[in-house]
Every structure is written in C-alpha cells, then in structure tokens.
There are 2 protein chains.
Amino acid sequence: MSVEQGTNQSVERAAAVLGAFLDGKPQRVSDVANSVGLGQSTTSRLLATLESIEYVERDPVSNLYRLGPALITLAGVAVNQNPVHRAARQVAQNLAASLGLGVNVAVRSDDALFYLCNFEGAKAPKSYVLMGRRNPLHATGLGKCLLSALDGEERRALLPEPKPFTSHTFCDHGELDEIVAEVRRRGYATEVEELALGRACVAAPIFDHTGAVVAALSVSGPLSAVDLPNRETELGRRAIEAADEVSIALGYDVSLAHHVVGVGGEGQA
Amino acid sequence: MSVEQGTNQSVERAAAVLGAFLDGKPQRVSDVANSVGLGQSTTSRLLATLESIEYVERDPVSNLYRLGPALITLAGVAVNQNPVHRAARQVAQNLAASLGLGVNVAVRSDDALFYLCNFEGAKAPKSYVLMGRRNPLHATGLGKCLLSALDGEERRALLPEPKPFTSHTFCDHGELDEIVAEVRRRGYATEVEELALGRACVAAPIFDHTGAVVAALSVSGPLSAVDLPNRETELGRRAIEAADEVSIALGYDVSLAHHVVGVGGEGQA
DNA sequence: ATCTCGTTTGCAGTATGTGGGAGACTCTCG
DNA sequence: CGAGAGTCTCCCACATACTGCAAACGAGAT
C-alpha cells in the first residue's frame, strides 16, 4: 500500500465525502459510500463526525445529508480575507445596480477561472451564486482577461487543447493570440455565445500594485440585454472604469496603465 | 480516556484547525498548534493534508496559512442548495439597488441569526460579506423577526439573559414580548443602534409554505441613511413587500397573511 | 558566516480508525 | 394493516494509520 507521505487519511476521506456533495444534490449514506468508494459504516461515521461539527446536516424529513452551515461560515471568512474580493465587492454591486446587468469578479485558479462573487441587475436575474465555481478561460470574457497575464507559451502549456462549448468558441491558439493582444490593446474583452448560447459579456482586467493582472471583472447577461456589438464601446468603458477602480484600491498606479483606451480619467459615468 | 462515540478524531481535529482561522487572520503552524492544543508536528501534518485538498493555502511570501478556495466552492454549493437563498437572492439585490441601502437575509441558527447573504447600496457601502456570520437575535431587526416565530417561553429558554451591546439594546423579556407582538401586528421590526451605534435597520419576516417564519429580510445601513423613525413607514412597507415576494416564491399563500398591515396587495413601490 | 526560530521528517508504540456483521429502524408495497 | 426490503447504526476484534518525541532541515536575522 503506497502510504501517502505526511498526510492524514481520515481527513482526506472526509474531504472526499464532502466532495460527493459538489453536484448539489442531497445524498444518502450509501450513495456517498458508493461515490467515494468507502464502506457504509466508515461513511456513516465520517458523516456523523461531519454532522457534529455542522459541515453537513441532514434533512429532518428525508434523512438525506447535505452540506452544512459551518462551511458557509468558513467560506465567509475566506472570501473576506481575499484582497480582490474586498476591493471589488462594492464596485461590482454599484455597477450591477447602475447597468441592471450581471457583474462578476473572478481570479485564475490553474487552468480555469474561479468566481469570487457575482451580482445581478434587474435585466439579468439569477437565483444562484457563482462563488467558488470554475469556468474555462478561453470561452469567457473574464478568462480572456486573465489569460492576458500569460504569454502565448504559458497559455499553450496551460490549455493544451481548448474545448469548444458552442460553435462560437475560439479554440485555436492563433486566434487566442490575437484575442489576447486585443484585450491588452483595448483594455477589455468580449464574449458572445462562446460558452453558452444566448449569453454574452464584456470584461476588463484588474491589476495589483505591481501592475500584474490578478483578477477580472465582467458585465454579463442575456445577449439581448448586453446587446453586443451595439453596446460594446459603452460597456467596455464601464467595465474598465470599474476594474480600474478596483485596481486602484489594490494599490495599482493608473499612470502605469497598460491600456490606453479612451478613458479620459476617472470622470463620471 | 473518554472515547467519543462514533466520531472520527482526526476529522474533528482538522476541523478545529480550520476553526483557528475563523478570526480572519493568517496563521503560523505554531499559532494554530497552540490555539487548538495540538502538537506542532500533528498540526503541521494536518495543515499539509488540508493544503493538499485546498482547504487551506499558504501565502508564498509569508508562509502563513489561510483558508483555501475549496471551502469557497463547497459553500457556494451549500448556499445554492438553500431554498431561502434561492428565493431571496434576486429580490434582495433589486431592493438594495432600488433603495441604495443594505439588504440582508438571515435564518435562525440556535440562539443566533445566521446571514445567508447581504447586498449593499451606494448609501450603505460595505467591503465584506456577512454570509455565514452570526448575530444576536434580540439586538437586530432580523433577529426580532425570527424571534416572532417563537412563543415567549421558547424565547426565554433560548435567550436566558440577553446581553446589552449598546445602551439601546432591549434585554428585558417583558420588553421583548411587546416587541415581538408588535412585529406580528405590523409585519416588520425596527432596530436603532441596538447592536452598534450609528446603525439601524428595518426587517420583515419570510414565511414558508406552511406559514411559519423561516427567515427574515432587512434593510440596513448607517442611521443617517436609514433615517428612523422618519422613514419607518416607507422602509417597513418596502421590507414587507420584498419579504412577501420571497415568501410567495417559497410557496406561501399570502391570503393566509399573518400581518394585515396596510399593504394593499403587491402594488407598486 | 553563525545563530536562532519555526517547520518538517523519521521512528516506534499504540491509540485509533476500519470493516464485517447483526440489530433496529423506516418506508414501501402488497 | 402487515410483511418485506432496504438502509442506517452499533458492536467488536484486528491491524492500520495516527501520534508525539526528538532530531534534522531550512529560512531569516544579526
């Protein structure tokens, strides 16, 4: 038996148990046991332990387990620790309220984008949270902005072969080279039905105090509301303004601006 | 050695390690070890395990541990599973955008309220998330609404002696009886500097399909913006309208309305 | 370069988790 | 209303995997 060096098996198994809930469905003990490949009694005890610390809870009526409130508490602390989140939260909300569209903030995590938060406007309602979800980098405006932090070689290594999600997805690295160059030049990225039909977004990168791209902010919604390419200039400007506001809060010096698009300063909307 | 029945010690210890991060500060291995009362080597190994599954991560420069992204992912799933959250999210955002004030949604968890989400308007900015945090029931508008689900006896058992947070906090159960009665009668609760000076809110209960109070929604912000008692009627009505919208989404039949305050139907704002 | 502090690793002992099986329970179907 | 199937939990012996000590390692500072 290859003994994993210096890690605690029980903890790993408990985490695997929690992972069984990532599809969002309440689970039975035996379901979890099958899904993680453990015996029923072991799984039962792990779940009992996790229940005692409120990492999971069981529905009193159906007796099914689901993820518990302690995880929400921990995640609340985790997101509040994140400087990008702290800097972006209010800016994103103001923009969502002002435009009536969705506004999302994400960072890169390996070969995917990782949502920190999302807000919705009246024209782009949504009943769920994207926080903690991942999406492909090459098929989203946020992802394109995050890719602009990488050179072509790094990007090719990270995304060996980008997968298509719709017929509009750009999967060729030559195309992506151009897309990234355009993001750098114009300061924003667009995406029209590249991940899902009927959806579109405009995104802008967020810079930290060193001038590196550390996150991105997007304006998104149904294509009918985002209305590209008609509103591209307007929404591009709004996204850049909001992203810059966040960058500044992170200590970025706008005078070092990588993008010199026609945004004459922090002027009014 | 009193062997805890049917629970896994390692998992409990790992959870205790995670709990050491609840104060929001990045931690050193030895800090965590002290704070949870474990040896350095055990703590080190637990942290290594938690790091391998991204429940914690370490700052590359300071080498300090902090909570990791996997917790955020799990919590995202957890909140999306919550029917109250699903029903309330968009309603709360619309209200926050419309009023420019903070809007919060909470459920009761034992003797405290538990925030599901919070949104801010331009007049009540905030850079952090309340999700997963707890606040006392007797010193908040949300809490008073949640207390209205209980009778006086239950409340006295739950809150043996309510603690004062400011000189305005109501801590006497006789007073709380009246407050709760008024919440039931008027359909909303107010709170002015009872938890923190300079803060105020107006809250309304959310009902499920059985007519039971399962959550509450509040409008909050600096006292200067919430401006009680001047705006009490207006904000009370807005809070009730929003809360009712959520209740209806949960299957509540408004014709069973407990509160018969002067809201002539779902009419416009 | 040397010292100090914090962290990690090796190792032996054993406490602790494991899994099989039986009992208790609930829900379903007849 | 009763029988059945399925599920979960408890019990116990076994041996695996965790613990704690102590020493080595690495980083940072003087």
Side-chain angles (χ1 to χ4, degrees), chain A residues 1-21 23-68 70 81 210, chain B residues 1-21 23-68 70 81 210:
Chain A
M1 300 298 134
S2 67
V3 179
E4 291 285 340
Q5 281 278 7
T7 57
N8 184 309
Q9 188 193 51
S10 302
V11 174
E12 281 174 346
R13 287 177 167 185
V17 166
L18 291 178
F21 293 91
D23 63 4
K25 298 190 198 314
Q27 306 265 9
R28 216 156 27 172
V29 176
S30 51
D31 294 336
V32 176
N34 287 336
S35 128
V36 304
L38 289 173
Q40 315 244 2
S41 62
T42 302
T43 306
S44 173
R45 244 175 321 188
L46 284 174
L47 282 167
T49 305
L50 291 169
E51 184 184 11
S52 75
I53 55 178
E54 297 190 305
Y55 280 41
V56 300
E57 62 187 5
R58 73 187 338 175
D59 188 293
V61 40
S62 68
N63 249 27
L64 296 178
Y65 281 104
R66 67 172 102 94
L67 296 175
Q81 277 177 354
T210 70
Chain B
M1 299 297 145
S2 66
V3 180
E4 290 285 338
Q5 282 278 9
T7 57
N8 185 310
Q9 188 192 51
S10 300
V11 174
E12 281 175 346
R13 287 179 168 183
V17 166
L18 291 177
F21 293 90
D23 63 3
K25 299 191 198 313
Q27 305 264 10
R28 219 157 24 173
V29 175
S30 50
D31 293 335
V32 177
N34 288 337
S35 125
V36 303
L38 289 174
Q40 316 243 4
S41 60
T42 302
T43 307
S44 171
R45 259 180 297 233
L46 283 173
L47 282 167
T49 305
L50 292 169
E51 186 184 11
S52 74
I53 54 178
E54 296 190 306
Y55 280 41
V56 301
E57 62 187 4
R58 70 186 342 174
D59 188 294
V61 38
S62 67
N63 249 26
L64 296 177
Y65 280 104
R66 68 172 101 94
L67 296 174
Q81 277 177 355
T210 71

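Only this structure's heavy atoms are used, side chains among them; waters, hydrogens and symmetry mates stay out. Note that this is a predicted model, so its numbers are computed, not measured. Proteins get letters first, then strands, A, B, ... in listed order; numbering begins at 1 in each.
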*Over how many whole Å does the gap from E12(A) atom CD to dG17(C) atom P extend?*
15 Å
_L64(A) CG - dC8(D) P separation (whole Å)_ = 9 Å
*Pairs meeting criterion salt bridge (charged side-chain N to carboxylate O under 4.0 Å, His left out) with involvement of residues 25-48 of chain A, two or more places apart*: R28(A)-D31(A)
*Expressed in angstrom and rounded to an integer, what is the separation of L50(A) atom CG from dG17(C) atom C1'?*
14 Å
_Partner residues of A16(B) under the side chain to side chain contact (heavy atoms under 4.5 Å, CB included) criterion, sequence neighbours left out_ = V36(B)
_Whole-Å distance separating the CD atom of Q40(B) from the C1' atom of dT8(C)_ = 11 Å
*How would you list, by chain and number, every residue that makes a side-chain hydrogen bond (donor to acceptor under 3.5 Å, both in side chains) with Q27(B), sequence neighbours excluded?*
none
*asked:* Counting only side-chain nitrogens and oxygens, does S44(A) get under 4.0 Å of the OP1 or OP2 atom of dT9(D)?
replied: yes
*Considering only heavy atoms from C-beta outward, does the side chain of V32(A) approach that of Y65(A) to under 4.5 Å?*
no
*Do any pairs count as a salt bridge (charged side-chain N to carboxylate O under 4.0 Å, His left out) and have a residue in residues 32-41 of chain A, sequence neighbours left out, and if so which ones?*
none
*Take atom CG of N63(B) and atom P of dG6(C), then tell me their distance rounded to the nearest Å.*
13 Å
*Quick one: R28(A) CZ to dC8(D) C1', roughly how many Å, whole number?*
11 Å
*Roughly how many Å is it from CZ in R58(A) to P in dC8(D), rounded to a whole number?*
8 Å
Can you name the atoms? Protein N/O to nucleotides 19-29 of chain D N/O, anything below 3.5 Å, with the distance.
unit_1  : atom_1 : unit_2 : atom_2 : d
dT19(D) : OP1    : R13(B) : NH1    : 3.1
dG20(D) : OP2    : T42(B) : OG1    : 2.7
dG20(D) : N7     : S41(B) : OG     : 3.4
dG20(D) : N7     : R45(B) : NH2    : 3.3
dG20(D) : O6     : R45(B) : NH2    : 3.1
dC21(D) : N4     : S41(B) : OG     : 3.3

*With Q81(B), which residues qualify under side chain to side chain contact (heavy atoms under 4.5 Å, CB included), at least two apart?*
R66(A), L67(A), V77(B)
